[in-house]
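Below: one structure, written as structure tokens.
Each chain gets a letter, A, B and so on, in the order its sequence line appears, and its residues count up from 1. Just the heavy atoms: all of them, side chains too, but no hydrogens, waters or symmetry mates, feed the values below.
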Amino acid sequence: MQTISNQQIAEMLREIGEYLAMQNIPFKPRAFEKAALTIEGLEEEVSEIYKKGGGGKDGLKALKEIPGVGASIAASIEEAINTGKMKDLERLRKSTPVRLDELSRIEGLGPKSVQKLYKALSIRNLKDLEKAARAGKIAALPGFGKKTEENILKSIGFAATSGQRFFIGHIMPQIRRIEERLRLLPESKMVTIAGSARRWKETVGDADILVVSQKPAPIMRQFVSMPEVVRVIAHGDTKSSVKVRGGLNVDLRVVPEESYGAALAYFTGSKDHNVAMRQTAIKRGWKLNEYGLFKATSEKGRAIGKEKMIAGRTEAELYETFGMDYIEPELRENTGELEAARRHALPKLVGYGDLQGDLQVQTDWTDGSDSIESMARVAMARGLKYIAITDHTKRLAMANGLDEKRILKQMAEIDKLNKKFAGKIKILKGSECDILKDGTLDLPDSVLSKLDVVGASVHSFFNLPRTEQTKRIARAMENPNVDILFHPTGRIVNKRAPYDVDVEELIRAAKRTGTIMEIDALERLDLKDEYIRKCVEAGVRMSIDSDAHSPSHYSSIEYGIAQARRGWAEKKDIINSWPVEKMLKSLK
DNA sequence: GCCGTTTTCGGCCCGACTGTTTTCAGTCG
């Protein structure tokens with residue numbers, strides 16, 4: 001039987017929610033949406049959770065443990081696991097046969113409008129919609145108009161790119177360019193990137209930028225007329241929204257200085273974090289919004305309708321008023337950070353300037369673009385104290401992988417360079433050694449034992465069955481010469497799914513064997529944040545590596561550090577934040 | 001439909017912008 005993925009289940013639940021929203025049913029849509037969001041973000045497959053729970057009644061119980069999943073949704077999930085379908089969804093689809101997924105991708109078109117369009121014009125899909133819009137039929141509907149019709153047509157043109165999420169490493173430079181442009185405006189007092197980019201999520205759907213200013217109008221005018229803007233979605237006094245070349249939506253908010261902290265917290269999110277914060281406020285009889293934290297004033301115990309702002313100028317003040325420590329943006333996902341902040345037990349996250357070394361660097365000996373010397377010089381200029389040269393091994397023939405002879409030659413060259421760079425940067429002898437199909441390594445132990453740092457990684461047989469893949473990698477980790485497991489799951493953000501492997505078992509193997517787990521920064525962000533957190537909890541150490549194949553790739557380190565921070569990692573968890581001697585001693 | 005330091009009923013985050021209205025519904029984040 002084909003097992004159903006979390007993504008598929010989430011889409012079904014979300015679709016049910018949208019149908020319910022179409023029918024104007026209150027609250028239920030949000031319940032489904034919430035459950036869908038949670039399930040999408042789960043690391044473990046829901047079908048596994050059900051199976052592990054024992055299936056049947058006990059499986060259902062296990063499903064209900066998932067936040068946002070109650071009796072009814074659990075039953076639907078069970079149904080989907082067993083039959084691949086949800087009867088409730090089938091029924092809804094039949095009663096209103098519209099392609100909700102297609103139509104709600106159109107900007108400004110939500111469930112209510114879709115319902116109206118279906119009732120009045122029998123519009124079921126994007127094609128029907130375009131036809132009706134071109135024929136001018138939509139403008140004639142009550143509640144719709146000429147402008148709406150124009151926007152629908154425009155949006156159809158963009159439908160392909162909307163809803164897409166961008167890899168943070170690719171999109172951050174563009175967001176920063178826009179930030180910089182706004183910073184240069186004389187009217188703007190402060191400019192900050194907010195939203196998921198400030199939380200360093202591995203993918204970003206929209207960019208949010210916050211500006212403090214007394215004169216928003218000229219800032220808004222400049223913003224909507226930037227050269228990269230391809231469409232203005234909204235243009236207001238305090239909020240504007242545009243789509244820029246490449247498909248990214250950028251939202252700009254202008255707030256007064258006294259609300260800066262509240263607004264920054266609000267627009268940084270995550271949504272879940274904000275909702276939890278607001279619920280905390282309500283419990284205390286306060287109100288939290290993007291303008292501040294407010295307390296209702298009362299006279300003789302009776303509310304008199306006036307509100308007094310009690311915090312909001314800075315984020316720190318906001319958290320403090322709640323009796324919490326300041327929560328770094330990377331932690332704001334409502335996954336225990338509020339509780340930890342209350343108990344003053346937040347981690348002291350590894351900092352963006354904390355790395356002293358980089359333990360995965362490729363050179364022109366294999367598939368890198370530059371020489372060992374030039375990679376060392378660039379690393380030095382970036383303030384690194386040591387790098388490990390870790391070229392591929394012979395199994396990776398297309399990368400001109402090193403065999404025993406060539407790697408010995410490379411080691412001799414590194415000795416020479418170390419004399420040249422003495423006192424400036426230390427070049428470590430290393431390898432990115434291929435893990436062969438059976439879990440043995442591509443170079444003999446007699447060679448590996450001569451190296452300072454051995455990373456092992458999978459570049460072949462991605463499709464082995466889960467247990468075999470897990471055993472294979474764990475076997476490599478048992479090798480006393482293997483120090484680090486490079487890019488442990490093989491994923492590439494937005495490009496390649498991880499191979500099927502039991503990561504928790506690998507983390508146990510790492511603990512048992514003293515192997516370091518890598519956070520590979522370049523395009524991979526492998527490990528994922530959830531696994532990083534599990535390593536931290538298990539006391540398994542990690543390294544954050546650029547995986548640089550050219551000098552410009554060192555810049556990816558920043559994203560790797562962000563990823564580590566999102567996984568609650570501290571300096572003590574990241575071996576290359578340590579001086580080289582201490583780092584080397586921590587290896588096998 | 002979900003949830004619980006207001007706990008098995010009765011709540012459910014909150015505000016800006018747009019377009020079509022003439023006071024507001026729908027959408028978005």
Side-chain angles (χ1 to χ4, degrees), chain A residues 13 16-22 24-38 63-77 88 103-117 138-152 155 162-163 194-196 204-210 216 220 224 232-242 249-255 259 262-263 265-294 307 334 339 342:
Chain A
L13 294 175
I16 292 178
E18 282 175 357
Y19 275 117
L20 297 175
M22 270 173 73
N24 243 329
I25 295 169
F27 303 117
K28 288 191 193 184
R30 195 180 294 155
F32 278 96
E33 164 74 25
K34 224 178 145 184
L37 209 67
T38 308
L63 290 178
K64 277 200 277 188
E65 293 291 306
I66 302 169
V69 175
S72 167
I73 291 183
S76 289
I77 294 174
D88 286 345
L103 292 173
S104 55
R105 269 219 310 275
I106 300 300
E107 232 142 357
L109 214 56
K112 304 270 169 65
S113 311
V114 170
Q115 171 83 323
K116 283 188 203 158
L117 290 169
I138 289 173
L141 286 181
F144 292 78
K146 204 153 184 287
K147 201 78 190 257
T148 309
E149 190 170 83
E150 274 170 28
N151 278 338
I152 285 173
S155 201
S162 71
S196 52
V204 172
D206 312 280
D208 298 280
I209 300 179
L210 193 68
M220 289 303 182
V224 299
V232 178
I233 297 161
H235 180 180
D237 293 336
T238 64
K239 178 188 167 177
S240 293
S241 182
V242 299
N249 281 353
V250 186
D251 293 343
L252 180 66
R253 303 286 299 234
V254 178
V255 297
S259 297
Y266 182 84
F267 295 111
T268 297
S270 66
K271 201 172 171 175
D272 279 352
H273 176 92
N274 286 350
V275 169
M277 284 288 283
R278 233 171 273 145
Q279 281 163 346
T280 311
I282 290 168
K283 272 180 202 146
R284 302 190 184 198
W286 300 339
K287 188 180 79 177
L288 176 63
N289 60 27
E290 60 262 58
Y291 297 105
L293 182 61
F294 299 92
E307 289 175 328
N334 197 28
E339 174 58 18
R342 234 172 260 136

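Contact between Pro216(A) and Val254(A) at its shortest, heavy atoms only, is CB-CG1, 3.7 Å.
Between the side chain of Glu290(A) and the backbone N or O of Tyr266(A), no donor-acceptor pair lies under 3.5 Å. A donor-acceptor contact shorter than 3.5 Å links the side chain of Thr38(A) to the backbone of Lys34(A). Using a distance-only test at 3.5 Å, with no hydrogens or angles considered, no donor-acceptor pair links the side chain of Asp208(A) to the main chain of Asp251(A). Ser259(A) places no side-chain N or O within donor-acceptor distance of the main-chain N or O of Ala262(A), the cut-off being under 3.5 Å. Side chain of Asp272(A) to backbone of Val275(A): no donor-acceptor contact under 3.5 angstrom is found.
Residue Pro29(A) is out of contact with every strand shown, counting any heavy-atom pair closer than 4.0 Å. Among the protein residues, Pro26(A) comes within range of no part of the nucleic acid, since none of its heavy atoms lies under 4.0 Å from any strand. If you check every strand for non-hydrogen atoms under 4.0 Å, Lys112(A) touches sugar and phosphate atoms only. Residue Asn274(A) is classed as having no contact, given no heavy-atom separation below 4.0 Å to the nucleic acid. Residue contacts shown for Ala71(A) are limited to sugar-phosphate atoms, with no base heavy atom under 4.0 Å away.
OP1 and OP2 of dG29(B) both lie 4.0 Å or more from every side-chain N or O belonging to Lys271(A). OP1 and OP2 of dA16(B) both lie 4.0 Å or more from every side-chain N or O belonging to Lys239(A). Contact check, Asn151(A) against dG19(B): a side-chain N or O comes under 4.0 Å of OP1 or OP2. One finds no side-chain N or O of Ser241(A) lying less than 4.0 angstrom from the OP1 or OP2 phosphate oxygen of dG29(B). Lys116(A) has no side-chain polar atom (N or O) that falls below the 4.0 Å cut-off from OP1 or OP2 of dT27(B). At the phosphate of dT27(B), OP1 or OP2 sits under 4.0 Å from a side-chain N or O atom of Ser113(A). OP1 or OP2 of dC17(B) lies within a sub-4.0 Å distance of a side-chain N or O belonging to Thr238(A).
If you take atom C1' in dA16(B) and the same atom in dG11(B), they sit 25 Å apart, rounded to whole Å. Nucleotides dT6(B) and dC2(B), compared at atom P, are 23 Å apart to the nearest Å. dG26(B) and dT20(B): their C1' atoms are spaced 11 Å apart (whole Å). Taking the P atom of each, dT21(B) and dC14(B) are spaced 30 Å apart, rounded to whole Å. Rounded to the nearest Å, the gap between the P atom of dC17(B) and that of dT22(B) is 23 Å. Comparing the same atom, C1', in dC12(B) and in dT18(B) gives a spacing of 26 Å after rounding to whole Å. Across the P atoms, dG15(B) and dC9(B) are found 31 Å apart, a figure rounded to whole Å.
The listed nucleotides are dG19(B), dC14(B), dG15(B); the one nearest the side chain of Tyr291(A) is dG15(B). Across dT6(B), dT20(B), dC2(B), the shortest atom-to-atom separation from the side chain of Lys147(A) is found for dT20(B). Listed nucleotides: dC17(B), dG15(B), dG29(B). Nearest to the side chain of Asp206(A): dG29(B). Candidate nucleotides dT18(B), dG1(B), dT20(B) were compared by shortest atom distance to the side chain of Ala234(A), and dT18(B) ranks first. The side chain of Asp208(A) lies closest to dG29(B) when the candidates are dG29(B), dC14(B), dC2(B).
Using a cutoff of 4.0 Å between basic side-chain nitrogens and carboxylate oxygens, Glu339(A) and Arg342(A) are scored as salt-bridged.
Between the CZ atom of Arg253(A) and the P atom of dG15(B) there is a distance of 11 Å, rounded to whole Å. Whole-Å rounding puts the Leu117(A) CG to dG26(B) C1' distance at 12 Å. Following rounding to the nearest Å, Leu20(A) (CG) and dC2(B) (P) show an atom-to-atom distance of 12 Å. A straight line from CD of Gln279(A) to C1' of dG4(B) spans 11 Å, rounded to a whole angstrom. The CD-C1' distance, from Glu33(A) to dC2(B), rounds to 14 Å in whole Å. Regarding Ile138(A), its CD1 atom lies at a distance of 17 Å from the P atom of dG26(B), rounded to whole Å. Across the protein-nucleic acid pair, Lys146(A) atom NZ and dT21(B) atom P stand 15 Å apart, rounded to whole Å. Distance Phe32(A) CZ to dC3(B) P: 12 Å, rounded to the nearest Å.
Residues Asn289(A) and Gly70(A) each lie close to DNA chain B; by heavy-atom proximity, the contact nearer the 5' end of the strand is made by Gly70(A). Mapping Val69(A) and Tyr266(A) onto DNA chain B via the closest heavy atom, the residue that lands nearer the 5' end is Val69(A).
Remark: dC2(B) base-pairs with dG11(B); criterion is Watson-Crick or G-U wobble with both hydrogen-bond distances under 3.5 Å.
Counting heavy atoms from C-beta on, the side chains of Leu288(A) and Met277(A) come closer than 4.5 Å.
Per the stacking criterion (ring centres < 5.5 Å, plane angle < 30°), Phe144(A) does not stack onto the base of dT20(B).
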